[in-house]
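The next block holds one structure in the form of structure tokens; read it before the comments.
Quick note on labels: first sequence line is chain A, next is B, and so on, each numbered from 1. What you see is a predicted model; the values in this text were computed from it and never measured. Any value given below was found using the heavy atoms of this structure, including those in side chains, with hydrogens, waters and symmetry copies removed.
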Amino acid sequence: MAKRGGNGQNELGLTKDEYRGAPSTLCKGCGHQSIANQVISVVYEMDVLPEKIMKFSGIGCSSKSPAYFLSRSFTFNGLHGRMPSLATGAVFADHTLKAMGFSGDGDTASIGMGQFKHIMRRNVPLLYIVENNGVYGLTKGQFSATADQGLELKKQGLNPYMPVDIVREALASNATFVARAFSGDVKQLREILKAALSHEGIAIIDIISPCVSFNNQDDALHSYSWGRDHEVAIHDLAYVPPREEIEVDYDKEVMKKVTMHDGSKIVLQKIGEEHDISKRVDAVNLLDRADEEGILLTGLFYIDTEQPSLIDIKGITEEPLNRLTNDRIRPSREDLQDVNEMLF
Amino acid sequence: MAKRGGNGQNELGLTKDEYRGAPSTLCKGCGHQSIANQVISVVYEMDVLPEKIMKFSGIGCSSKSPAYFLSRSFTFNGLHGRMPSLATGAVFADHTLKAMGFSGDGDTASIGMGQFKHIMRRNVPLLYIVENNGVYGLTKGQFSATADQGLELKKQGLNPYMPVDIVREALASNATFVARAFSGDVKQLREILKAALSHEGIAIIDIISPCVSFNNQDDALHSYSWGRDHEVAIHDLAYVPPREEIEVDYDKEVMKKVTMHDGSKIVLQKIGEEHDISKRVDAVNLLDRADEEGILLTGLFYIDTEQPSLIDIKGITEEPLNRLTNDRIRPSREDLQDVNEMLF
Amino acid sequence: MTASDTALAEQENREQVVNDFSITIGTVNGSGSQTSNLTIIRSIFKMGIPVSGKNIYPSNIQGMPTWYTIRVSKDGYLARVPEPDIVVAMCPESFQEDVDRLPPGGLLIYDQGIRAEVEREDIFSYPLPVQKLVRASDAPRNLQDYVANMVYVGALVALLELEIDKVHQALDFHFSGREKPVDLNYKIIQSTAEWCSENLEKVDPYHLERMEATKNLKLVSGNEAAAIGAAFGGVQFMGWYPITPATGLADMLKVYLPKLRKDPETGKNTFAVVQAEDELAAIGMAVGAGWGGLRAMTSTSGPGLSLMTEFAGLAYYSETPLVIWDVQRVGPSTGLPTRTSQGDVIMAHYLGHGDTQNILLLPGSPYECFKFGWRSFDIAERLQTPVYVLSDLDLGVNQWITEEFEYPEVEMDRGKVIWEDDLEAFEGDWGRYLDVDGDGIPYRTVPGNKHPESAWFARGTGHDEYARYSEDPEDFLKNMERLRKKYETARSLMPEPVLDEMESAEVGILAYGSTDPAVQEARDHLRDRGIPTDSLRLRAIPFTSVVHEFIKAHRQIYVVEMNRDGQVHKLLSLEVPEETGKMVSVAKVDGLPLTAEWIVDQIESMEEK
Amino acid sequence: MTASDTALAEQENREQVVNDFSITIGTVNGSGSQTSNLTIIRSIFKMGIPVSGKNIYPSNIQGMPTWYTIRVSKDGYLARVPEPDIVVAMCPESFQEDVDRLPPGGLLIYDQGIRAEVEREDIFSYPLPVQKLVRASDAPRNLQDYVANMVYVGALVALLELEIDKVHQALDFHFSGREKPVDLNYKIIQSTAEWCSENLEKVDPYHLERMEATKNLKLVSGNEAAAIGAAFGGVQFMGWYPITPATGLADMLKVYLPKLRKDPETGKNTFAVVQAEDELAAIGMAVGAGWGGLRAMTSTSGPGLSLMTEFAGLAYYSETPLVIWDVQRVGPSTGLPTRTSQGDVIMAHYLGHGDTQNILLLPGSPYECFKFGWRSFDIAERLQTPVYVLSDLDLGVNQWITEEFEYPEVEMDRGKVIWEDDLEAFEGDWGRYLDVDGDGIPYRTVPGNKHPESAWFARGTGHDEYARYSEDPEDFLKNMERLRKKYETARSLMPEPVLDEMESAEVGILAYGSTDPAVQEARDHLRDRGIPTDSLRLRAIPFTSVVHEFIKAHRQIYVVEMNRDGQVHKLLSLEVPEETGKMVSVAKVDGLPLTAEWIVDQIESMEEK
Ligand SMILES: Cc1ncc(C[n+]2csc(CCOP(=O)(O)OP(=O)(O)O)c2C)c(N)n1
Ligand SMILES: Cc1ncc(C[n+]2csc(CCOP(=O)(O)OP(=O)(O)O)c2C)c(N)n1
Ligand code: SF4
Ligand code: SF4
Ligand SMILES: [Mg+2]
Ligand SMILES: [Mg+2]
């Protein structure tokens, strides 16, 4: 992929720079920055025109970050916790665009819980990234709903509540693509992002993304060092673009393949035990075991490529709705006459 | 239990009539009415003084229903989807009271999803009943978020979305008491209600409660006839009040016992397979199988009597906060002097 | 045997009352009486007689008293009147109350299954053996309760001379021509009418008589009209959440859009209607769609509007077009959810924290619901701002007489949306929030535009003219001043008020929305009592110069509205502070539509002072 | 070598400037500069000199330019001034901008690591070898960036004669007496001061000199004061959600409540603070607690207030007491989240759909934040209604000089709450919404009351005097009229405005909240320019008769506020319509606190007309 145009240009003749955004104002070392960088790489490598992407976000450091990549993509940085509804309306404007949502754990699991659950239920075609650091970065480090029970932070004291697990929530809500990644593991993150971008429906990625300013204690879940020491991938995941053939050494014994709507493929190579990514309950089982073992399990937990997306459900025109000319959205004089006649 | 005072009086000398409310304005045959009746019976039988109960609700037919029972209990019929927050604040007023919340599937799973999830996370001591009929009764029958995918209703057409499963949500949110009942099966409902009332923490009961006006088709999940034909209890559940001994024929082989904080016991008698009610993942497994088999699985799915309730977490005085006299809530002159001195 | 002799004696010489009375029908809700009531009002309408119907119903599905009041007025006065001339008493619970409402000489038709005889002797009364008549019919068992309500339709056929072929026409419409239900209902109406003719002696003075006053007119609710308007306005996205009394608007969209708005070539939809999980999401979706370049809308009522507050502010500040219908009911809070009010005006106007000024449209008839249904999109897209259309329960839910809808007289105005080619013309100096034309309205691009300079970053935070994040005080001031300017520009786009003058009027009545029939009737009465008035029916906020002139031109201005605090009176006081001395608030909300009588009383007593 | 020779020459004969200048410190946020800035303002304060500090910071955690402006004023003028006399330039990004701000003759202290030399010759400038000084210190590696900010504190010690023992006192306070950080920071301040004395020649005219003007006074933020006030007001429940700039209030409650409000006997808490999942839940919890008989509160800022709208209406209509602090920031929408404004007045006053009228308290100093912190509960419980306290970012977050807090002069007023025994006295005729006393305020019971007639059914729907569900028009009217009466009763409970008169003043300035320092300073300047003014500082809405009288008594009233639309000006216009002609709105919001200069300019130009 990429670099095919020479001079670091991709197939569209665009350099990576053309996928960047405004200078970042995130703290140095923030996990969100690493996610931003991977998004840039992935979209560039996938040869997607930035104008063919829409971005959405809520409020928070994570939600600010879309300003720092893909400045040639239309973006709406909306309200705290309300990215899902904004995106749901906007995908109808031009359904040929790829929609990406960026949110934080506070934005999604605290104030945004309702919209988060409901966008999954509707299978809105959106790559939905939760940049999960267990705290509210932008308001200076209060516990979010994903903070571990018992986590102790200097200014906040001890968190007494059970955490929200984004992956469990996504499974309970029948999301059609559910993954977890770690912003410290960029190789896997990139592959998962690509796979998710090829999914036609809601793709939830819970990305553990450390907040270096407020929650990066070595012994705690959302830190870099904990992640590095405890990350275990369910499988080795590789994304194969639509036009490429899967490499020759594809071994059906240890490899599974999922074909996506756009013809791309996800190839999963077994690492430990087999995990059937078409069974939700297996994913829940994995999660329970991971919790018991105290590991950070990453990878694709579940996928369903059959459910129709909201765009399909609503049966809208092929042509983007926002390109329809006036005559195609205003019925005729005769139509009004008919209506008048139908009335009593 | 009950009838001990003679003349239909319970131990407190109250008749069942003293547990009733205003005349019901629910439709004849509404499942919610049956729940109302069981609440009356249960509280009466448990010898709870109505003044020792607080009730809360949102908006909907289900949420209206608290007007029709326990009129001697303080009640707040609040806003659509916001019963949980109202109750959370109110339980601090007098934590010696029992708090009961009544909500609908629209109230809880649509607009109220966020508050529903978060009250579970906080383990607020509240019996939380979802009167689940798959539709918005009070606004005339639109699909709610618990409506089955594919359900077809005359005025509404076909529901294309995956349903929210209240029990799954409760499990994902680490609720400490999770049960399902059917308002057509009053015997089991009563026992579950009693058990839940003895739980010190959040007790979620998803009660399938048919709406005879808008969603009672024989072949659909939320109807009486479907429920009657497809209900399968996980176990035979019996509630044993604090002072009573468990009957002699208690058989450890087929029976399990859970002792509650107030000394009461829940006795579970195996019906089919064994279900370990202390394991969340087992409950998820059961649910998956039930979905596959197309049955309505009822009973107590999960219980955890160890998690501290929000009242415990906040370490408030034994005496109800709303009874504290002025001198106990306004610090002294000396205290203010100290504060002044501490300031720069 | 039938009517009370005393009353009869007293009224013997009274003239016949033709096409000028009001009927209140008391029934049990959820019993199907709505079909009967609609059949009656439609039949009267088709007899060419001006008629209006108001449903006074509880917040409940089944089993509670509900009232339908029908006013028949040869003079075309269609406001609610405080008390009926005729009562049809079919509800056991409200029976006595309903009977007591009648003035002496009034007419009572009642189900003798509820009460064998009534005590009042100063009224005409006819008992109906409802149960017997139903049993005698061949209605299937399970439908008997339902068709029982047709009995009183039959009685009106016999007693008031409601024309039976019109009744048939009404049934045919109601059941969309399905023969079975039409026949079933028609038969029992017929048999009841026959029974009445045979068994009751007509002694009361009330009659219906054919007129020609409703020719080319239609009977429709504001919600239905709004939905049709939106369909012709090219609505592309509707996000909504059920709430009384706004639900009907979405329901009607779901009826009309599939009929009117499938792409003829592909048969695919040019619209999407999404039932959201709540109002925060409903408006959020609409904001997303509006930002995306779609004609987007949402509809709600008070509690939902409250929940939309934060998004309303985002839409105002990010300059996103969308249309928000607020079908008002009685607040504060849940209030009286099935009763009418005009209580959300101030709230909608200022909706959102910080300094906001929203555009309001105020339809006063189904015709205007239709018209603002499409026009609101033109205004919203032209101004790039949310437009609030404030209807109310009375207008939205009840059947009103209207002229036929006229096709929009102007081309759709999509506002300053620019595409790839247009962007070229800017030669690299396009900025999302640049006030190029001096009207405060910038140019906007929408997603899908493939020009590499088309994208911009929408946000609710401070921004400069190029939509870049900015905390600079000057940028902030400039942007807010531009928004203020845009609001001034808005005045020129607002529908003008409707004026009506009377000779030698010194006082003006300023009102808006659904109170119009009551206001116009009140004006006639006031004139008769020596107080001629001019009237201005407001149709939008911001106010236009016509409003200023009207106020200036009169000695006294009565601002009539259906709320407690005189909300438009307040906004007018702020708009025309130099004239506050002459503006008097005539405001009331109790859940019922205002009556002409009440308005007359208020104004007369103040004029006497 | 040090100061520019030109500037020096020009200023040679200039008088010394003592205790009367303003300093702007430009740093990188998240770098720890806040500690240095607080140390400086606190040291000056302890020198007995009136001082104020305003933090102008970005909505960001780390790495962006941020400014702290300190005003030193022997005359006690503590409002913001538009431009500084002294600049401390430590931020690379804003360096040039910061240098450019200085007027000729100004003083620049800068990090020579950013720029070796500055070009301007009309100013005094001293470069600091920050890196060298830090390296020379024994600060551990990982803290070097942090303590680098102490260098400029040291420079001020040497150059402005900031007293070093006061600096030590300030550090000691900041680090709660922890020796290690105090020493670390103190040492580098000391060594820098020494370096400056040895290497820089003082040529500029700016000096600090000890005074006696801050004796018995304190330096505190409004949020901290509010938290202390709430603690002494007996707050029992606080539900909140993080939002700038309100977060500090909750943070401070979490500091003070465990200290002040544990039950002495059991050591258990007499309060609970719950961080909610959002603002809908935060206020919902507070409404539940307030209904339950607790002193309940929540705190938020604009976006959160928007989300509270629906619950606000429920609280108003169900008559539930609670206190809502709105620490205002700049809207609409997310706006400028770290900048100050008074833009939520209209919104808060009308918050909720339908006819609502809310009570607002308007603190103008930390002292009043403390006072309204407790008093708001008395008012809320007495009136059984939500009370909104409108603070703002400037008042809430910055350090202000205040008198010591005085113990509440009155007993706590829990309002008309009745318990078991009281109920007996009603002899069975207690009704939750009965207006027994004619003041519109009914009696209420709370859960836990064991009297069998104590329970009632709270709801947001229509109800009669006995809290029974009612759709009856008369019940609705009566209830709403009582609520209006209650609002009238409220006037007598409101804190009176603060008046200040000048001889022969014909014009009045009406203002509120944090603009007070600017207004008072402006009045002195205006007097000097021949325009003596009286002033009224509003502290509550509804208005009291004093406000009416003040307006009546003056030829012209200038209503000064920090928003675009003149929100209090509008409310006053509605309150005193007959006087609108004389009321002029002087309103502006750009994110920065108003300056006296701007107010003077506005009023002077209008007086000249
Ligand atoms: C309605 C509303 N409430 C509160 C806030 C304040 N706020 C801004 S960001 C944020 C939390 C963000 O946390 P998260 O989503 O985890 O993002 P992070 O900064 O950690 O990436 C909050 C509470 C707001 N902007 N809007
Ligand atoms: C904010 C708000 N939106 C909408 C409504 C209208 N509304 C009343 S009840 C209801 C749905 C209730 O459904 P559910 O909770 O399932 O209760 P049911 O009537 O089915 O028992 C809705 C949408 C409302 N009262 N408030
Ligand atoms: S505060 Fe935390 S989340 Fe925010 S930018 Fe800094 S490191 Fe990232
Ligand atoms: S509409 Fe449905 S939910 Fe409501 S009362 Fe009737 S049967 Fe029950
Ligand atoms: Mg976070
Ligand atoms: Mg329901």
| request: Count the heavy atoms of every other residue, nucleotide or ligand shown that sit under 6.0 Å from CD of B:Glu273, and state whether that count exceeds 12. | output: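 For B:Glu273, atom CD is not crowded (no more than 12 foreign heavy atoms under 6.0 Å).
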| query | Does CD in A:Glu306 sit with more than 12 non-hydrogen atoms of other residues, nucleotides or ligands closer than 6.0 Å? | reply |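 Count not over threshold, so no.
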| said: Distance check, rounded to the nearest 0.5 Å: B:Lys117 atom NZ versus A:Ser110 atom OG? | reply: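 Separation between the atoms: 13.0 Å.
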| task | First locate atom CE of A:Met120, then atom OH of B:Tyr161, and finally report the distance between them rounded to the nearest 0.5 Å. | result |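 Between A:Met120 CE and B:Tyr161 OH, I get 15.5 Å after rounding to 0.5 Å.
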| field | A:Arg168 side chain to B:Ala172 backbone, donor-acceptor under 3.5 Å | value |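 Here the side-chain-to-backbone pair does not exist.
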| query | Is there a donor-acceptor pair closer than 3.5 Å between any side-chain N or O of A:His118 and the backbone N or O of B:Ala109? | reply |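 Here the side-chain-to-backbone pair exists.
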| task | Indicate yes or no: at least one non-hydrogen side-chain atom of A:Arg121 is less than 4.5 angstrom from one of B:Val164. | result |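 Yes, at least one pair of side-chain atoms sits under 4.5 Å.
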| request: State, yes or no, whether a side-chain contact exists between A:Arg122 and B:Met162 at a heavy-atom distance under 4.5 Å. | output: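 A side-chain contact is absent here, since even the closest heavy-atom pair is not under 4.5 Å.
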| Of the listed residues (A:Ala145, A:Pro160, A:Gly114, A:Ser173), which shares the most heavy-atom pairs with chain B below a 4.5 Å separation? |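 When all of A:Ala145, A:Pro160, A:Gly114, A:Ser173 are compared, A:Ala145 has the most.
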| message | Between A:Asp288, A:Asn174, A:Leu171, A:Val281, who has the most heavy-atom pairs with chain B when the cutoff is under 4.5 Å? | response |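 Among A:Asp288, A:Asn174, A:Leu171, A:Val281, the one with the most close pairs to chain B is A:Val281.
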Against chain A, label [X] side chain, backbone, both or neither, depending on which of its atoms sit under 4.5 Å from a heavy atom there.
X        : value
B:Asn285 : both
B:Leu310 : side chain
B:Gln149 : side chain

| request: Using non-hydrogen atoms and a 4.5 Å limit, figure out which bit of A:Gln115 sits close to chain B: side chain, backbone, both or neither. | output: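 Contact with chain B involves no heavy atom of A:Gln115 at all.
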